[in-house]
Amino acid sequence: LDDIHFDSKKAEKVEINGMKGLFETGTATHDGHPVEWEVGVVLAKEPVICITFSDPESFDDQDVAELKKFVRSFKPTK
């Protein structure tokens with residue numbers, strides 16, 4: 001990735017089913033093409049790292065909703 005930019009100066013703190021986490025989003029380029037990215041860490045029993053890269057023109061609101069639903073499905077182990 002080249003020309004990496006962060007959407008904010010601080011990662012967003014989240015809680016998913018009682019587990020704390022941090023997520024950061026931004027933009028970049030890859031081989032001259034625009035890319036949107038997101039990196040998250042969910043502090044489960046073992047940390048879970050979520051990394052997403054997408055072409056902004058082909059990643060629509062439905063894709064975002066499905067990805068958020070997937071991340072929200074994480075559950076702590078007993």
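Everything quoted here is computed from the prediction, not taken from an experiment.
- Between Val48 and the options Val41, Val71, Val42, a side-chain contact (heavy atoms from CB on, under 4.5 Å) holds for only Val42.
- Between Arg72 and Asn17, the shortest heavy-atom contact is O-ND2, 2.9 Å.
- Both Ile49 and Trp37 are part of a single hydrophobic cluster, where members link through side-chain heavy atoms under 4.5 Å apart.
- Asp60 CG: more than 12 foreign heavy atoms inside a 6.0 Å radius.
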Report the C-alpha distance between Lys13 and Leu22 in whole Å, list the side-chain angles of each, state the deciding distance to 0.1 Å, and finish with yes or no for side-chain contact (heavy atoms from CB on, under 4.5 Å). CA-CA 5 Å; Lys13 293 181 182 181; Leu22 296 170; 3.6 Å; yes
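- When the side chains of ILVMFWY residues are joined at heavy-atom separations under 4.5 Å, either directly or via intervening members, Leu1 and Val39 end up in a single hydrophobic cluster.
- For the atom pair CG (Leu43) and CE (Met19), the distance works out to 9.5 Å, reported to the nearest 0.5 Å.
- With values rounded to the nearest 0.5 angstrom, Ser8 atom OG is found 13.0 Å from Phe23 atom CZ.
- Taken together through direct or relayed side-chain contacts under 4.5 Å among Ile, Leu, Val, Met, Phe, Trp and Tyr, Leu67 and Val64 form part of one hydrophobic cluster.
- Summarising the geometry, atom OG1 belonging to Thr27 is positioned 5.5 Å from atom NE2 belonging to His5; distances are rounded to the nearest 0.5 Å.
- Taking both residues in full, the closest heavy atoms of Glu36 and Pro56 are given as OE2-CB, 3.5 Å, listed atom of the first, atom of the second, then distance.
- Scanning all heavy atoms of the two residues, the minimum distance from Lys10 to Glu24 falls at C-OE1, 3.6 Å.
- Taken together through direct or relayed side-chain contacts under 4.5 Å among Ile, Leu, Val, Met, Phe, Trp and Tyr, Phe6 and Ile51 form part of one hydrophobic cluster.
- The NZ atom of Lys68 sits 12.5 Å away from the CG atom of Asp63 when rounded to the nearest 0.5 Å.
- The distance from atom NE2 of His30 to atom CD1 of Ile4, rounded to the nearest 0.5 Å, is 11.5 Å.
- Under 3.5 Å, the side chains of Asp2 and Thr29 contain no donor-acceptor pair of N or O atoms.
- More than 12 heavy atoms of other residues, nucleotides or ligands shown are found within 6.0 angstrom of CD on Glu15.
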